[in-house]
Amino acid sequence: MEYTFSTEVALRVNGEDHALLLDNRSTLLDVLRERLGLTGAKKGCDHGQCGACTVLVDGRRMNSCLLLAVAQHGRSVTTVEGLAEGDTLHPVQQAFLDHDAYQCGFCTPGQICSAVGALAEARAGRPSAVTDPAEDPPVPLDGPEIRERMSGNLCRCGAYPGIVRAVMEAAS
Ligand code: FES
Ligand code: FES
């Protein structure tokens with residue numbers, strides 16, 4: 001018997017279809033960065049702790065450093081590079097610019113993808129750990145809600161006040 005170390009994987013990334021022969025051990029983050037040249041998603045910790053690698057998989061935010069690429073066969077991935085429409089930034093990207101929601105920018109692609117996912121979750125009526133169970137959806141996105149929903153994305157520069165303002169504006 002022969003072991004198989006690679007697998008053909010079909011991925012749709014930012015609207016473009018790719019057929020890739022991948023080492024079974026590759027993470028989605030490494031495939032995006034090293035095979036497809038999409039370096040927006042960052043490798044901060046490579047352990048699921050910082051959120052710098054956040055992308056959207058079938059519309060849901062995920063830490064791409066924790067995903068085996070072969071397990072994403074047939075899925076649609078959106079990275080920060082795929083959010084804008086031509087020269088028009090996604091509203092979350094624009095809000096980050098308008099509110100100075102970054103300093104070095106290393107965490108920013110992950111913050112933005114995470115915010116896009118968080119806003120979709122709130123719109124779908126998904127509660128967070130701080131949502132009042134007595135409230136009917138949709139959840140009002142105030143400061144505590146946004147801080148809780150964005151708590152998986154760390155920023156070593158401490159740009160949190162701007163990030164919260166930006167997400168709040170994008171939510172409105
Ligand atoms: S690089 Fe994925 S969570 Fe830190
Ligand atoms: S802007 Fe530098 S780590 Fe967040």
Side-chain angles (χ1 to χ4, degrees), residues 7 9 11-14 18 20 22-84 89-122 126 128-130 141-171:
T7 303
V9 176
L11 282 178
R12 190 167 179 80
V13 181
N14 297 336
H18 298 271
L20 302 162
L22 298 179
D23 185 311
N24 294 339
R25 299 162 294 182
S26 308
T27 64
L28 178 61
L29 177 62
D30 285 342
V31 169
L32 292 171
R33 292 180 56 85
E34 291 167 22
R35 291 289 297 274
L36 301 180
L38 295 168
T39 54
K42 298 291 187 283
K43 188 178 282 190
C45 64
D46 212 17
H47 281 89
Q49 293 172 347
C50 72
C53 63
T54 307
V55 299
L56 300 162
V57 179
D58 287 343
R60 295 183 61 195
R61 55 185 170 155
M62 300 205 180
N63 289 339
S64 59
C65 72
L66 293 183
L67 299 178
L68 285 173
V70 293
Q72 313 315 311
H73 177 70
R75 292 196 167 145
S76 177
V77 178
T78 304
T79 69
V80 73
E81 291 94 337
L83 291 177
L89 293 179
H90 185 284
V92 174
Q93 290 175 307
Q94 188 62 54
F96 268 65
L97 271 182
D98 294 343
H99 290 275
D100 267 343
Y102 49 83
Q103 288 182 38
C104 76
F106 189 83
C107 72
T108 311
Q111 301 275 3
I112 288 174
C113 286
S114 189
V116 172
L119 294 179
E121 288 159 22
R126 295 207 198 113
S128 77
V130 299
L141 288 177
D142 55 12
E145 274 288 348
I146 291 172
R147 280 192 286 275
E148 170 60 26
R149 288 171 187 268
M150 294 295 293
S151 61
N153 290 80
L154 306 184
C155 173
R156 290 193 68 179
C157 299
Y160 297 113
I163 293 170
V164 172
R165 282 197 302 272
V167 179
M168 207 177 278
E169 178 175 296

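One-based numbering, in listed order, for ligands and for the atoms of each.
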Q.
Any heavy atom of G105 closer to ligand 2 than 4.0 angstrom?
A.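 Checking ligand 2 against G105, which is what was asked, there is a heavy-atom contact under 4.0 Å.
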(Q) Could you tell me, atom by atom, which parts of ligand 2 come under 4.0 Å of a heavy atom of R156? (A)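 Answer, ordered by atom number: 3 (S).
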Closer than 4.0 Å to some heavy atom of [X] - which atoms of ligand 1 meet that?
X	value
G44	1 (S)
G48	3 (S)
C53	1 (S), 2 (Fe), 3 (S)
D46	1 (S), 4 (Fe)

Q) Can you name the one residue among L28, T78, L67 that meets side-chain contact (heavy atoms from CB on, under 4.5 Å) with V55? A)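 The option that passes is L28.
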**Q.** Passing option when E145 is tested against V130, V164, V167 for side-chain contact (heavy atoms from CB on, under 4.5 Å)
**A.**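 Only one option passes, and that is V130.
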Quick check for you: to the nearest 0.5 Å, what is the distance between [X] atom [atom1] and [Y] atom [atom2]?
X	Y	atom1	atom2	value
E148	S151	CD	OG	4.5 Å
M62	T54	CE	OG1	11.0 Å
S26	R35	OG	CZ	7.5 Å
Q72	S64	CD	OG	9.5 Å

Q | Vertex atom 4 (Fe) of ligand 2, rays to SG in C155 and SG in C107 - rounded to 10° | A |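 SG of C155 and SG of C107 make an angle of 100° at atom 4 (Fe) of ligand 2, to the nearest 10°.
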Q. Heavy-atom contacts under 4.0 Å between C104 and ligand 2: side chain, backbone, both, or neither?
A.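 Looking at C104 and ligand 2, atoms from backbone and side chain both fall under 4.0 Å.
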Q: Ignoring hydrogens and angles, tell me if any N or O in the side chain of N153 forms a donor-acceptor pair with the backbone of C107 under 3.5 Å.
A: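 No; judged by distance alone, with no hydrogens or angles, the pair does not exist.
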Q. Applying a 4.0 Å heavy-atom criterion (strictly less than), which segment of L66 is in contact with ligand 1: side chain, backbone, both, or neither?
A.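 It is neither; nothing of L66 touches ligand 1.
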Q: Output, in order, the C-alpha distance, side-chain angles, deciding distance and verdict of side chain to side chain contact (heavy atoms under 4.5 Å, CB included) for Y102 and I163.
A: CA-CA 7 Å; Y102 49 83; I163 293 170; over 6 Å; no
Q) atom 1 (S) of ligand 2: which protein heavy atom is closest, and how many Å away? A)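 Atom 1 (S) of ligand 2 sits closest to the protein heavy atom Q103 N, 3.1 Å.
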(Q) When you measure from atom 2 (Fe) of ligand 2 to the N, O or S atoms of C157, does any of those distances fall below 2.8 Å? (A)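 Checking atom 2 (Fe) of ligand 2 against C157, an N, O or S atom does fall under 2.8 Å.
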Q: Please note down the angle at atom 4 (Fe) of ligand 1 between SG of C50 and SG of C45, to the nearest 10°.
A: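 The SG/SG angle about atom 4 (Fe) of ligand 1 sits at 110°.
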